[in-house]
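Have a look at the structure below before the remarks.
A, B, ... follow the sequence lines: proteins, then strands. Residue 1 opens every chain.
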Amino acid sequence: MTPVTEGPRFRFAPSPTGFFHVGGARTALYNWALAKRLGGKFVLRIEDTDEARNRPEWTQGIIDALAWIGVHSDDPTFEGPYFQSNYAADHVAAAERLFAEGRAYYCDLTPEQIQERSKASGKQGYDGYSRDRDLGPGPGRVLRFRVPEGMTIVDDLVRGRVEFANETIEDFVLLRGNGSPMFLLANVVDDVTMRVSHVVRAEEHLPNTPKQQMLWEALGHRPPVWAHVPVLVNEQRKKLSKRRDKVALEQYRAEGFLADAMVNYLMTLGWAPQGETEIVPWSRIEADFRLEDVNHSPAFFDLKKLAAFNGEYIRAMDVEAFIDACAPWLSGDAVPWRADQFRSDVFRAMAELVQTRIVTLAEVPNLVDFLFLDAPIVDEASWDKTFGNAEARSMLETSIDVLADTPWNAEALKTAVEAAGTTLGLKLGKAQAPVRVAVTGRTIGPPLFEALEILGRDAVLTRLRAAADRLAGS
RNA sequence: GCUCCCAUCGUCUAGUGGCCUAGGACACCACCCUCUCAAGGUGGCGGCACGGGUUCGAAUCCCGUUGGGAGUGCCA
């Protein structure tokens with residue numbers, strides 16, 4: 001059953017850090033789109049060799065985050081996760097082979113000694129001091145790769161041909177003084193054993209690539225296809241970092257961004273689908289994405305544009321889907337009403353009117369809270385602005401009278417308020433304001449008369465009177 | 001410092017020597033629509049970093065300058 005040939009094997013190799021970086025998400029998506037389209041595999045490898053970064057729940061976080069953006073571990077294209085820490089013996093074995101073959105050598109210089117030599121000679125980095133000292137392994141001795149003379153040519157699918165003079169590359173460390181393998185080695189050995197054919201990763205790894213390519217060759221294998229995609233940057237044009245920037249995918253999810261919008265937006269950073277619009281379904285992306293088309297320069301991760309995409313996606317949902325998507329934002333501790341006050345039929349009635357007014361799902365509660373609370377949460381700025389003049393006070397009084405016996409439907413309510421306003425010389429825009437603030441607590445919100453209809457006469461009149469009382473008292 | 005990468009509206013991009021008087025999207029501005037706020041519609045602002053080549057012709061090719069960025073660990 002073993003196929004004679006297998007499709008391309010892509011890999012995504014994050015190190016667990018406790019959150020999932022949006023840049024990592026984009027890289028994963030690039031790999032995923034290619035693996036899917038080309039009938040290959042997406043191999044997930046958790047690079048957990050740094051003891052400090054090794055917690056089981058973080059791995060689950062990565063798998064959950066990937067699933068959220070559509071990279072599902074139960075898809076046949078998905079393979080893994082593998083854990084780098086399980087392959088430590090392979091890494092060491094490969095290093096020892098390199099030593100046996102003379103392609104690596106031991107060195108007993110301490111970092112301080114290296115620095116001193118460097119300072120004395122005026123040259124940067126390690127100078128190859130132990131190359132011909134024939135040292136054997138021993139505690140405190142690192143194993144270094146013997147960088148050959150010549151030139152290393154990296155053929156990169158997005159950058160083209162990149163040349164490195166080997167003399168500019170120092171004999172880098174394969175095994176630490178305590179015998180543990182370094183990232184470069186572990187990474188290559190794992191890629192070899194996992195038969196990775198395409199390494200698609202962020203541009204920051206490009207300077208490492210000649211070293212890795214030498215390792216592939218020294219290990220007797222043909223290097224993979226390389227592709228280094230531009231990094232994501234902030235407004236200062238610096239690489240997105242967790243210290244300065246909001247980079248956690250989970251956080252965007254928690255703030256009410258839709259996975260589809262996030263995925264679509266991420267894919268347009270460094271790449272664009274054909275045609276006049278960047279809003280395209282994943283099926284189009286999967287069919288059209290090419291590494292050769294990826295831009296070469298860093299892309300600014302623009303929250304405003306992400307928000308615009310999110311708004312588009314929210315509006316494109318049919319109402320039922322929208323209602324379902326809102327559910328998590330309509331209950332829980334963050335919501336100002338008690339669970340027993342929430343009424344799904346009321347929300348359902350308002351849903352369509354809410355849908356065009358939000359950019360993230362997290363904004364939903366603010367637009368509908370007054371429907372579930374006994375009394376609205378009054379925004380004082382709205383209150384002061386609206387009731388700062390006598391007309392507004394009169395309008396409030398008048399509306400109490402008028403609404404007491406108006407037929408209770410949105411259209412009739414609108415007509416009634418409009419008429420009441422006319423008697424006071426107010427246009428509808430001005431006339432509805434006092435009613436809106438009294439009933440909803442804010443100057444802005446969903447269409448008022450539909451909301452009044454849903455709330456019902458008693459609740460509306462109660463609120464209008466409460467507002468009048470407050471005005472009388474002040 | 002050294003190595004490498006990059007350079008089209010403010011931002012993300014289309015553009016692969018003539019179709020470019022450089023197209024779209026986000027943002028911004030104006031107008032329309034309108035019960036607030038949105039959404040929607042129409043229009044507007046705004047760019048090939050600079051200098052040399054190559055060519056009949058250059059945003060597109062070459063060189064240089066300038067400006068950004070990444071890497072530079074016994075981190076990953």
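For the P atoms, the distance linking G15(B) with G24(B) amounts to 15 Å, nearest Å. Taking atom C1' in both A27(B) and U11(B), the straight-line distance is 8 Å, to the nearest Å. U3(B) sits 42 Å from G46(B) when the P atoms are compared, rounded to a whole Å. Going from the P atom of G68(B) to that of G73(B) covers 23 Å, rounded to whole Å. If you take atom P in C56(B) and the same atom in G67(B), they sit 35 Å apart, rounded to whole Å. Remark: the separation of the C1' atoms in C28(B) and G64(B) is 37 Å, to the nearest Å. For the C1' atom pair drawn from C63(B) and A58(B), the interatomic distance equals 15 Å after rounding to whole Å. Here, C31(B) and C19(B) have their P atoms 37 Å apart, quoted to the whole Å.
The shortest distance between the side-chain N/O atoms of Arg357(A) and the OP1/OP2 oxygens of G40(B) is not below 4.0 Å. Side-chain N/O atoms of Lys414(A) include one lying less than 4.0 angstrom from OP1 or OP2 on C35(B). In this model, the phosphate group of C6(B) is not approached by any side-chain N or O of Arg237(A) to a distance below 4.0 Å at OP1 or OP2. Under 4.0 angstrom from either OP1 or OP2 of C2(B) there lies no side-chain N or O belonging to Lys123(A). The shortest distance between the side-chain N/O atoms of Lys239(A) and the OP1/OP2 oxygens of G71(B) is below 4.0 Å. Between A14(B) and Asn295(A), a contact under 4.0 Å exists linking OP1 or OP2 to a side-chain N or O.
Ion pairing of Glu391(A) with Arg393(A) is absent here, as no side-chain N (NZ or NE/NH1/NH2) approaches a carboxylate O to less than 4.0 Å. With respect to the salt-bridge test (charged N to carboxylate O, under 4.0 angstrom), the residues Glu278(A) and Lys305(A) qualify.
Using a 4.0 Å heavy-atom cutoff across all strands shown, Phe300(A) reaches sugar-phosphate atoms only and no base atom. Residue contacts for Arg201(A): at a heavy-atom cut-off of 4.0 Å it reaches no nucleic acid atom on any strand shown. The residue Pro210(A) sits apart from the nucleic acid: no heavy atom pair falls under 4.0 Å. Across all strands shown, Glu276(A) has heavy atoms under 4.0 Å from sugar-phosphate atoms exclusively, and none from any base. Contacts of Leu448(A) with the nucleic acid, taken as non-hydrogen atoms under 4.0 Å apart, include base atoms. Within the nucleic acid shown, Leu109(A) comes within 4.0 Å of at least one base atom, counting heavy atoms only. Residue contacts for Glu450(A): at a heavy-atom cut-off of 4.0 Å it reaches a base atom on one of the strands shown. Using a 4.0 Å heavy-atom cutoff across all strands shown, Val142(A) reaches at least one base atom of the nucleic acid. Gly140(A) comes within 4.0 angstrom of a nucleotide base, judged by non-hydrogen atoms across all strands.
Between Met194(A) and Val43(A), the closest heavy-atom pair is SD-CG1, 4.3 Å.
Using modelled atom types, one finds a donor on one side chain and an acceptor on the other under 3.5 Å when comparing His228(A) with Arg201(A).
As rounded to whole Å, 14 Å separates atom P of C75(B) from atom CG of Asn208(A).
Across all strands shown, U72(B) pairs with G1(B); the Watson-Crick or G-U wobble distances both stay below 3.5 Å. Across every strand in view, C31(B) sits in a pair with G41(B) that passes the Watson-Crick or G-U test at under 3.5 angstrom. Across all strands shown, the partner of C50(B) is G64(B), judged by Watson-Crick or G-U wobble contacts whose two distances both fall under 3.5 Å. Base pairing of A22(B) is not made with any nucleotide, judged by Watson-Crick or G-U wobble geometry with both donor-acceptor distances under 3.5 Å.
A donor and an acceptor atom sit less than 3.5 Å apart, one in the side chain of Glu278(A) and one in the base of G24(B). Contact of Glu204(A) with C5(B) (side chain to base): no donor-acceptor pair of N or O atoms is detected under 3.5 Å.
Comparing atom distances between the Arg159(A) side chain and each of C5(B), A76(B), A39(B) picks out C5(B) as nearest. Candidate nucleotides C35(B), C74(B), G1(B) were compared by shortest atom distance to the side chain of Leu428(A), and C35(B) ranks first. Closest contact between the side chain of Ile444(A) and the listed nucleotides U8(B), C37(B), C75(B) involves C37(B).
Side-chain atoms of Asn166(A) come within 3.5 Å of backbone N or O of Thr152(A) as a donor-acceptor pair.
Looking at which nucleotide of RNA chain B each of Ala299(A) and Gly177(A) is closest to, the 5′-most match is held by Ala299(A).
No close placement of the Tyr105(A) and Phe99(A) rings is indicated, their centers lying 6.0 Å or farther apart.
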>> Using the rule given for ring pair (Phe, Tyr, Trp, His ring centres under 6.0 Å), can you reason through Phe301(A) versus Tyr265(A), listing the C-alpha separation, both sets of side-chain angles and the distance that settles it, and then say yes or no?
In response: CA-CA 9 Å; Phe301(A) 186 80; Tyr265(A) 177 64; 5.6 Å; yes

